[in-house]
Amino acid sequence: MTRCRTPLHLFNTFSRTLEEFRPIAPPKVRLYACGPTVYGRAHLGNFRTFLFVDLLRRLLTLFGFEPELVMNYTDVDDKTIAAARAASLALRELTSRQIDLFEEDMKTLHILLPDRRPKATDHIGLMIAMIEKLLQNGHAYLGEDRSVYFRISSFPDYGRLAHLDRQGLQPGARIAQDEYAKESIGDFVLWKGWKPEDGEVGWDSPWGRGRPGWHIECSAMSMHYLGEEFDIHCGGSDLIFPHHENEIAQSRCATGKEFVHLWLHCSHMLVDGEKMSKSLGNVYSVADVLAKGYTGRHLRFLLLTAAHYRQTLNFTWDGLAAAKAAVTRIDDWLARWRLLPAERFAGATPEGEAFLAAFCTSLADDLNLPDALGHFFEFLRATNRALDRNAPMPDLPALWPTIDAVLGLGEPADAPPSQVQELAERRAAARRRRDWKESDSLRKAIEKEGWTVRDTAKGQEVRRR
RNA sequence: GGCGGGGUAGCCAAGUGGUAAGGCCGGGCUCUGCAAAAGCCCCAUGCGUGGGUUCAAUUCCCACCCCCGCCUCCA
C-alpha cells in the first residue's frame, strides 16, 4: 500500500547524519532488529524499542518498500540459564514460555510479528562456523579458559560506530574474573568455554564444550537470513556500544563485506523522570498497564507518539491517561463519520490530499510521528467541522486505512459484559417511557461497572470509561 | 575525564532567521430530557541564563547554569 511518495530520510547512527534511504535492491528492504533476551517478562522500555521497529517497518511499506524483518530471540546467556535454574526448568522450557508471553504482549500492542524470529540456540552451527573463520584469519584467538575472543586490535575501525576511542577502553573499565584470559581488555568473547554453573547447557565445538557469546548470534543469524550485506540494523540506543560495535567488527572481519548500510537506534525511556530500575520499583510490564484499566491501544499510542523516537521518552501514568483521552477522541471521530452514508464522501478532495501530503512529509523526515500526528488532529477537527455543517467530506473511508497503517490502533473492539448490556437495555426501555429518573439511575449503575453510556441519534452507545 | 542527547505554556511535545504545530488538562458559549460527544472562542509578547551577530533569534555564534544517557549486564 504505497501512499507516500516522498523520499524517505533516516538518521544513520554510523554517520550521525540524516540520509536519504536507498535500499540495496529496491523495493526489497532487508531489516534486522535485535530482539529480547527471553529470561523474564519484558518491560515497557523494551516495548518502546519494539514499537519503534514496528513503526519503521510499517512506514517502509507505506513508502512503497517491501521490508523483510528478522528479529532474534536471545535464548541462551547468563540470565536465561540462571532463570531456568531458579525455576527448575530446562533452558528450552523456560525460554519458550517467555517467548509466548512476549508474543502475547506484542499482540496486545498491535505490533506485527517479525517475518522471522530465529532463536540463538537453533543456529549454534552457524556461529561456530563464523568463529572458525575468524580464528583462521587471525581476528580471534583461543584463551587459556577455552573461550574464544575477538582481537579488537585486528580491526582498525573498531569504535567508529560508538565514537569511542580504543584508548578510552583501557583504563577504569569494570573487570570480570576471567579477564586474565584475554590479550586485551577490550577484546570480547565469541565462544564461552563451559563452566559448572552452566549445568546441562552447552554445545560441542572444535574448542570444546561451551556456548556462544552474545554478539555473535546477531551477526550469524542476520547474515544467514538477510545476506552478508543488508540494509538496516536497529535496536535500542544502549546497544550501540558494545553490542553493535562488536557485531560490526566480527562481521566485517569474517566476510570482508560492509555488513550493514544503515544503523538506527531508538532512545531510552524513563519512568517519572528516572531510569527504570528494580530498586526504584518502576519497571512496569504490559500486564501492569492492563491491570490499571488501560488497553494495549492506549499504551501503544503513548509510546509511539509521546516523543520522537530519538528523544528520551518519560513514561508517567498521567501521560498514559492523556494518551487514553486522545485515543478516545479518535474513536469518537471514527464512530461519527462511519455512520454516514457512502455518498457523503466526496472522493479525493484538496483538503484530504493536502493532509496526506503533510502527513507523509513529516513521516519522511526521520519518522517524525509527533509532527505527523499534529497534522492528523488538525484534519480530524476540520472533518468534524464539515460534519457539523453538513459540508462535503474528504474520502475518509479511503484515508483512514493509511493513517491507521501507521498508528496501528485498529478497532476499539470492546464488548460490554452481559450484566452491563442488561442495564443498558433497561435504560433504553426507560428512555422510551421518558422515565428520566430511572434512566439516570441506570446510567449510574452502568458507570459503577466501569462502563459509560451516551445517547446518540442511533440510540445508546456503551463503552469503557 | 571522553562521547552523545536535552532544557519550549499546568503536563506531554513539534518546529522555524521574520515574530510559537498538535495532544492532555482548564475556562466560556452553542447543542442536548440530563449527561456525553461535537463545534466555536480563550489558555506561552514567551522558547534554561547572560552576552554577541543581524533590519530581525526561540531558531546562528560565545560563555555559563541545570538534567539525562553511553564509556564492555541492559531495549
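Atom set for the values below is all heavy atoms of this structure, side chains included, hydrogens, waters and symmetry mates excluded. Numbered from 1 within each chain, the chains take letters A, B, ... in sequence-line order.
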State whether [X] and [Y] are salt-bridged, where the test is any N-O pair (Lys NZ or Arg NE/NH1/NH2 against Asp/Glu carboxylate O) under 4.0 Å.
| X | Y | result |
| --- | --- | --- |
| A:R41 | A:D288 | no |
| A:R431 | A:D455 | yes |
| A:R211 | A:D78 | yes |

I'd like to know if [X] reaches the base of [N] with its side chain such that a donor and an acceptor end up less than 3.5 angstrom apart.
| X | N | result |
| --- | --- | --- |
| A:R385 | B:rC40 | no |
| A:N368 | B:rG15 | no |
| A:R443 | B:rA35 | yes |
| A:D455 | B:rC34 | yes |

Consider the side chain of [X], meaning its heavy atoms from C-beta on, and name the nucleotide among [options] that approaches it most closely.
| X | options | result |
| --- | --- | --- |
| A:W214 | B:rC73, B:rA38, B:rA13 | B:rC73 |
| A:L164 | B:rC71, B:rA14, B:rA75 | B:rC71 |
| A:F241 | B:rC71, B:rA38, B:rG33 | B:rC71 |
| A:R454 | B:rC74, B:rG33, B:rA37 | B:rA37 |
| A:A306 | B:rC3, B:rA38, B:rC12 | B:rC12 |
| A:Q311 | B:rA14, B:rC3, B:rC74 | B:rA14 |
| A:R381 | B:rG23, B:rA38, B:rG33 | B:rG23 |
| A:I185 | B:rA21, B:rU72, B:rG6 | B:rU72 |
| A:D440 | B:rG33, B:rA37, B:rC73 | B:rG33 |

[X] [atom1] to [N] [atom2]: how many Å, rounded?
| X | N | atom1 | atom2 | answer |
| --- | --- | --- | --- | --- |
| A:F359 | B:rG22 | CZ | P | 16 Å |
| A:H268 | B:rA75 | NE2 | C1' | 5 Å |
| A:F379 | B:rG23 | CZ | C1' | 18 Å |
| A:D318 | B:rA13 | CG | P | 13 Å |
| A:H265 | B:rC3 | NE2 | P | 20 Å |
| A:L373 | B:rA21 | CG | P | 16 Å |
| A:Q98 | B:rA75 | CD | P | 13 Å |
| A:N314 | B:rG23 | CG | P | 21 Å |

Using a cut-off of 4.0 Å on non-hydrogen atoms, how would the nucleic acid contact of [X] be classed: base, sugar-phosphate, or nothing?
| X | value |
| --- | --- |
| A:K324 | nothing |
| A:R427 | base |
| A:M71 | nothing |
| A:S439 | base |
| A:G45 | base |

Rounded [atom1] spacing from [N] to [M] in Å:
| N | M | atom1 | result |
| --- | --- | --- | --- |
| B:rC25 | B:rC68 | P | 30 Å |
| B:rA14 | B:rA21 | C1' | 6 Å |
| B:rC60 | B:rU16 | P | 10 Å |
| B:rC66 | B:rU72 | C1' | 29 Å |
| B:rC43 | B:rG22 | P | 13 Å |
| B:rC61 | B:rG6 | P | 14 Å |
| B:rG51 | B:rC42 | C1' | 37 Å |
| B:rC40 | B:rA56 | C1' | 35 Å |

Paired nucleotide for [N] [Watson-Crick or G-U wobble; both distances under 3.5 Å]:
| N | result |
| --- | --- |
| B:rC74 | none |
| B:rC40 | B:rG28 |
| B:rG4 | B:rC68 |
| B:rU59 | none |
| B:rC34 | none |
| B:rU53 | none |
| B:rU45 | none |

Side chains of [X] and [Y], donor plus acceptor under 3.5 Å:
| X | Y | answer |
| --- | --- | --- |
| A:S267 | A:Q311 | no |
| A:D231 | A:Y32 | no |
| A:R427 | A:S439 | yes |

> B:rC67 phosphate, OP1 or OP2: any side-chain N/O from A:K275 under 4.0 angstrom?
Replying inline: no
> So does A:R329 get a side-chain nitrogen or oxygen closer than 4.0 Å to the phosphate oxygens (OP1/OP2) of B:rC24?
Replying inline: yes
>> Please verify the inter-ring angle class for A:F188 with A:H215; under 30° counts as parallel, over 60° as perpendicular, anything in between as tilted.
In response: perpendicular
> Is there a stack between A:H308 and B:rA14, judged by ring centres under 5.5 Å and planes under 30°?
Replying inline: no
> Taking the nucleotide of RNA chain B with the closest heavy atom to each, which residue, A:E378 or A:R431, is nearer the 5' end?
Replying inline: A:E378
> Considering heavy-atom distances to RNA chain B, does A:F188 or A:F377 have its closest nucleotide positioned more toward the 5' end?
Replying inline: A:F377
>> Contact between A:E245 and A:L164 at the side-chain level, heavy atoms closer than 4.5 Å - yes or no?
In response: no
> Would you say the SG of A:C34 sits under 2.5 Å from the SG of A:C234?
Replying inline: no
